[in-house]
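I have placed the structure first, in the form of structure tokens, so that the comments after it can refer back to it.
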2 protein chains.
Amino acid sequence: MPSYTAPTKDLQFVLHDLLQISRSDIPGYADLEADFTAAILDEAAKLGQDVLAPLNASGDSEGCRLENGVVYTPKGFKQAFDQIKAGGWNGLDLPEEFGGQNLPYLMGSAVGEIFVSANMALNMYQGLTHGAISAILAHGSDDQKATYLPKMISMDWTGTMNLTEPHCGTDLGLMRTKAEPQDDGSYKISGQKIFISAGDHDMAENVIHLVLAKAPGGGEGTKGISLFIVPKFLVAEDGSLGARNGVSVGSIEEKMGIHANATCVMNYDDATGYLIGDLHKGMRAMFTMMNEARIGVGLQGYAQAVVAYENARSYALDRLQGRDVTGAKNPDGPADPLIVHPDVRRMLMDQKSFVEGARAFTLWGASLIDRAHRAQDKDADGLISLLTPVIKGFLTDKGFDMCIQAQQVYGGHGYIEEWGMSQFARDARIAMIYEGANGVQALDLVGRKLAQDSGKHVMAFFEMVKTFLKENEGDARLEGFLVPLKAASKDLQAAGMFFMQRGMKAPNDALAGSSDFMHLFGHVCLGLVWARMAKAAYAALDDGATDRDFYEAKIATGRYYMARQLPATALHLARIQTGADTVMALDAEQF
Amino acid sequence: MPSYTAPTKDLQFVLHDLLQISRSDIPGYADLEADFTAAILDEAAKLGQDVLAPLNASGDSEGCRLENGVVYTPKGFKQAFDQIKAGGWNGLDLPEEFGGQNLPYLMGSAVGEIFVSANMALNMYQGLTHGAISAILAHGSDDQKATYLPKMISMDWTGTMNLTEPHCGTDLGLMRTKAEPQDDGSYKISGQKIFISAGDHDMAENVIHLVLAKAPGGGEGTKGISLFIVPKFLVAEDGSLGARNGVSVGSIEEKMGIHANATCVMNYDDATGYLIGDLHKGMRAMFTMMNEARIGVGLQGYAQAVVAYENARSYALDRLQGRDVTGAKNPDGPADPLIVHPDVRRMLMDQKSFVEGARAFTLWGASLIDRAHRAQDKDADGLISLLTPVIKGFLTDKGFDMCIQAQQVYGGHGYIEEWGMSQFARDARIAMIYEGANGVQALDLVGRKLAQDSGKHVMAFFEMVKTFLKENEGDARLEGFLVPLKAASKDLQAAGMFFMQRGMKAPNDALAGSSDFMHLFGHVCLGLVWARMAKAAYAALDDGATDRDFYEAKIATGRYYMARQLPATALHLARIQTGADTVMALDAEQF
């Protein structure tokens, strides 16, 4: 059985040593003193470790089942869900007006990492609800907010997002689900949606589906799409639940992982729906919550790597196999622990340096969301809009790789379900796919975000790196960070330049390098946060921090990333610079 | 439902255009005319496509079950197994003396690719039998050969290999299974073995277990280990089956994949065993068949990528989603097929260029085995010994990556078991682990094979690359192959030099780069075979080959590999040259 211990110390390091949140001018951050955030994280850790994590493996093996139209979640899930509700965790970063606690999104993300590492499938019921709440907050009428938000924030009701149909995923213009306007201002929704995470279950009284559908008169493609609220049970004026709506679960998908989350085929058959936001502007309504949802998925990618790494580390410390070639480390035992072997170390260092970097990158991104929303900072909004596909795409690709590597540390035991390492990999796999497959993230980055506001945000990013390098120039202790960061950043600029010069005339030259660019960008971001973390760790040591071991390990882990991972930028650049020629050389029939 | 079409044309290209086998001086190769091999491959293709592949998904979902001590394989497996038997496929490359057809190992590998792509779990029952036969052929007495080989070659009986125990995998010196000598010359074997693939099943009359165990007097560690034949049913003098032996299945493991292969915990309780080979020389006996077994696993890695790629290609050609940014390719349809998108192309080209390169590399390796065994060529033996960990480690790591990428082409559908892409990835995952986890392959390569015979074989490899480059210097058509191959080969030499200079004094400096070295080596091997394939394809075109499309696609696919994949050697070299400093910087407690 795998175990999980929440990395509260490292979360605190990111919040306070790196981001120095309580000194930030972002509204609400001043309250986030170290003791306060520690108390929150400790409570979240207890819930994650003691309640959610113990259900992770059993939830995977039991899965969800559909019987007579009712979806049943695995044993224990309802009780755990009730504890999340009782703790008010879902409202942590949501408005007080509707029953939330109004803490920054950053704190929701820090707690989110813990819950996702502990039990990703269970956390998704909450995550989807959070996404639906965001949509209603941003686009709902006052009445809609009053009707739905308090119940959803308390998790008496949960939410879903309905985009995909059998024949259309990324290309929503192909959508067929229809919305017919009714005399009372409501709509009748008919069609089939697939891959609906948390589509139905037995843990809440009601499920509020947010459904994209085509209402008449909107034109072709995505232009005619509107967003609708479609409750499982209709809600009366007084908030009580009425009749069952015309929405039902067709089936539950058999998937590679996240078995404990019901991925449903949803059938809408003249279901009553209520327009949310403007008619025919459904795509815009979806996009406004995309950044948040995608950062949440990036978080899933690295959070699975966190728990996979923890277990790989424990196994490498415990399992005796072979001898250190430089001399026995456990001479009285039959063999040395796995961790003496350099190639096992390499795998663990890959994982450790990735998850710590990814955590810092994601929480920095979350703080940009807070700055954008709470301080109405347009530059922060532009920057996080640029970084979002990187957080989603890079962290889920790498997070999955790290789960595979953690599994590899276990040898044959890694392949046996009982040990739990397979589940981390299988669960992490979905994060590369949903909320826009990672190729779509790369396309969004290269085809849209780079040029947004005339390239202002990517310029600001380069400026940020340059400023950091300049400010710390000559700091000999940081040389192992500054030199690789500078080289990596140069590679990123060269790639951007290549796209500018070639991509205008021949867009395929840019698109053929889009995934490499996303990874290149991701490495530079992790390089930047690692350099900043090293600086923060040295500062703490200089200030006489008592836990010297922690800070020294932080610096050593960062050095590993800079030396062993960051040089990947040169490979990505080399690939990008070959353009589309070899990529597009074959006719479709020659494949 | 996924589909499978055996790549007989490409197999023929490798056998005849690239390896030119019928002109080879390896004994037995002269018979391998193109018509003859085509007939064999076509028959294998029929069996693979029509019988084995249709059982792959159902075998995965049904799995094996243990009831009252009996292991049941999934529905249809026995019938398919009987067809493999009836076709004499297991004896294809085994001695005529015992009922085989005595074709080269190369042909066994070419057919093996088809069977593994079609149904890896089912093929493993045959593969393990093949391994056990090899051990008996190499080390068995004449009596043992006469007793076991005919029945095993016909697959009336199957075989297994029993190495791993709960507390020892790679480090066999920790083994506890005991062999007590009996007065009649046999032994009583007692102990528990785990992860025994094809450990038991309902498709054959008997299972012949090859078991490593410690007999008294052999000393500590691996020195005391001997190899024993332990039949499930004892075999009487006349070859008839007698009493059930003291070996039983404790349980079947729940695994990430290869569900249709019974991975058993085997309990030996005073089971009668017969020494095979010399007492206390069991490790040597195991090692003599290691090359073959490991090449077989490398083949599994790329063979799963083959079928995953085939399906990803079909999906990309069929699925309509989005538009070609350079202009609609399917203007009358609602959208263009996925394959118009450069990032989808990139994924398909990664897969195509890998599987075709891997196929050529593996079959070249198989021909080296034939040269070593059939022509008693010590240089070929040394070279394949060097290349074996590369074939096993590099091709399974990359093969798995390609399965993941093929799954990614499907978007959300890739995550749903019904579409079959998850199974390819889950099945391929084991190949990175068993027959020595890939980290152990890297260790074998760097710690043992590089320096074998004073480095003679790696020198011969470099010489081979150098000769090829020289012979083709100035051939403008091959420039896109020669230039990258030269650069990659230089990286490999630089890495070898680094190990020589640093590894002697500080072995961890070499071991910390062992996995990167294995990958670097793998890329150079694929670069070499791609350059050779390009040359062969140009030769065919010059000779007026009618299927110009095939040869032109071959060259274009090779160009992609050289331009987009081969530059990875520089990254691996950069990592290697950082040595062990950052890898070993942390104390074990700091992880």
Side-chain angles (χ1 to χ4, degrees), chain A residues 164 169-171 174 195 253-256 313 317 321-322 325-326 334-335 339 342-343 345-346 348-349 352 408 411-412 414-418 422 430 432-433 437 439 442-443 507-508 511-512 514-515 549 553 556 559-560 563-564 567-568 571 574-575 578 580 582-586 588 590-591, chain B residues 164 169-171 174 195 253-256 313 317 321-322 325-326 334-335 339 342-343 345-346 348-349 408 411-412 414-418 422 430 432-434 437 439 442-443 507-508 511-512 514-515 549 553 556 559-560 563-564 567-568 571 574-575 578 580 582-586 588 590-591:
Chain A
T164 306
T170 300
D171 189 352
L174 304 174
F195 303 159
E253 305 282 5
E254 296 284 340
K255 309 184 300 289
M256 186 177 186
R313 172 188 61 193
L317 287 166
Q321 207 80 178
V325 291
T326 64
I339 203 162
D343 192 61
R345 287 272 180 145
R346 170 192 65 84
L348 293 176
M349 290 302 289
K352 182 172 165 62
Q408 191 71 13
Y415 201 65
I416 308 297
E417 292 294 350
E418 183 189 350
S422 162
I430 189 58
M432 297 159 69
I433 298 174
L443 182 64
N508 281 351
L511 297 181
S514 56
S515 278
D549 231 33
R559 283 188 190 284
Y560 178 91
R564 286 253 172 179
L571 172 60
R575 285 192 189 139
T578 65
T582 62
V583 177
M584 305 302 285
L586 295 184
Q590 286 180 308
F591 276 90
Chain B
T164 306
T170 300
D171 189 352
L174 304 175
F195 303 159
E253 304 281 4
E254 297 284 340
K255 309 184 298 292
M256 187 177 185
R313 173 188 60 193
L317 287 166
Q321 207 80 180
V325 291
T326 64
I339 204 163
D343 192 61
R345 287 272 180 145
R346 170 192 64 84
L348 293 176
M349 290 301 290
Q408 190 72 15
Y415 200 65
I416 308 298
E417 291 294 351
E418 184 189 348
S422 162
I430 188 58
M432 297 160 69
I433 298 174
Y434 62 18
L443 182 64
N508 281 351
L511 297 181
S514 55
S515 279
D549 231 33
R559 283 189 191 283
Y560 179 90
R564 286 252 173 180
L571 173 59
R575 284 191 189 139
T578 66
T582 62
V583 178
M584 305 301 285
L586 294 184
Q590 286 180 307
F591 276 90

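Just so it is clear: chains get the letters A, B, ... in the order the sequence lines come, proteins before strands, and each one is counted from 1.
Ranked by heavy-atom pairs shorter than 4.5 Å toward chain A, the options Ser514(B), Ser422(B), Ala556(B) are led by Ser422(B). Counting heavy-atom pairs closer than 4.5 Å to chain B, the top-ranked of the candidates Gln321(A), Glu418(A), Met584(A), Met349(A) is Gln321(A). Most heavy-atom pairs under 4.5 Å with chain A: of the set Gly169(B), Ala574(B), Ala335(B), Ala585(B), this distinction falls to Gly169(B). The greatest number of non-hydrogen atom pairs below 4.5 Å with chain A, out of Gly411(B), Gly414(B), Ala588(B), Ala580(B), is found for Ala588(B). Looking only at heavy-atom pairs under 4.5 Å with chain A, the residue among Asp343(B), Thr164(B), Ile339(B) that has the most is Asp343(B). Of all the listed residues (Gly412(A), Gly439(A), Pro567(A)), the one sharing the greatest number of non-hydrogen pairs under 4.5 Å with chain B is Gly412(A).
Nearest heavy-atom pair across Ala563(A) and Thr578(B) is O-CG2, 3.7 Å. Minimum interatomic distance between Asp171(A) and Gly322(B) (heavy atoms only, all atoms of both residues): OD2-N, 2.6 Å. Contact record, Pro342(A) with Val583(B): O-CG1, 3.6 Å, taken as the closest heavy-atom pair. Here the closest heavy-atom approach between residue Ala437(A) and residue Gln408(B) is recorded as CB-NE2, 3.8 Å. Counting all heavy atoms, side chain and backbone alike, Arg564(A) lies closest to Ala512(B) at NH1-O, 3.2 Å.
For chain A, the nearby parts of Ser515(B) are the backbone and the side chain; heavy atoms of each come within less than 4.5 Å. Residue contact with chain B, scored on non-hydrogen atoms closer than 4.5 Å, involves the backbone and the side chain of Ile416(A) alike. Contact annotation for Leu174(B): only side-chain heavy atoms (C-beta onward) come within less than 4.5 Å of a heavy atom of chain A. In this structure, no portion of Ala442(A) lies under 4.5 Å from any heavy atom of chain B. Both the backbone and the side chain of Ile430(B) come within contact range of chain A, with heavy atoms under 4.5 Å apart. In this structure, chain B has a heavy atom under 4.5 Å from the side chain of Arg313(A), while its backbone stays farther away. Proximity to chain A (any heavy atom under 4.5 Å) is shown, for Ala568(B), by both the backbone and the side chain. Within the 4.5 angstrom heavy-atom criterion, atoms from both the backbone and the side chain of Thr170(B) approach chain A.
For Phe195(A), the ring pair (Phe, Tyr, Trp, His ring centres under 6.0 Å) partners are His413(B), not counting sequence neighbours. Residues satisfying the ring pair (Phe, Tyr, Trp, His ring centres under 6.0 Å) criterion with Tyr415(A), sequence neighbours excluded, are absent altogether.
The number of heavy atoms from other shown groups lying within 6.0 Å of CD (Gln590(B)) is above 12.
How far CG of Leu586(B) is from CZ of Arg345(A): 6.5 Å, rounded to the nearest 0.5 Å.
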Practice task
Please report the C-alpha distance between Glu417(A) and Lys255(B) in whole Å, then the side-chain angles of each, then the deciding distance to 0.1 Å, and finally whether the side chain to side chain contact (heavy atoms under 4.5 Å, CB included) criterion is met.
Solution key: CA-CA 5 Å; Glu417(A) 292 294 350; Lys255(B) 309 184 298 292; 5.7 Å; no

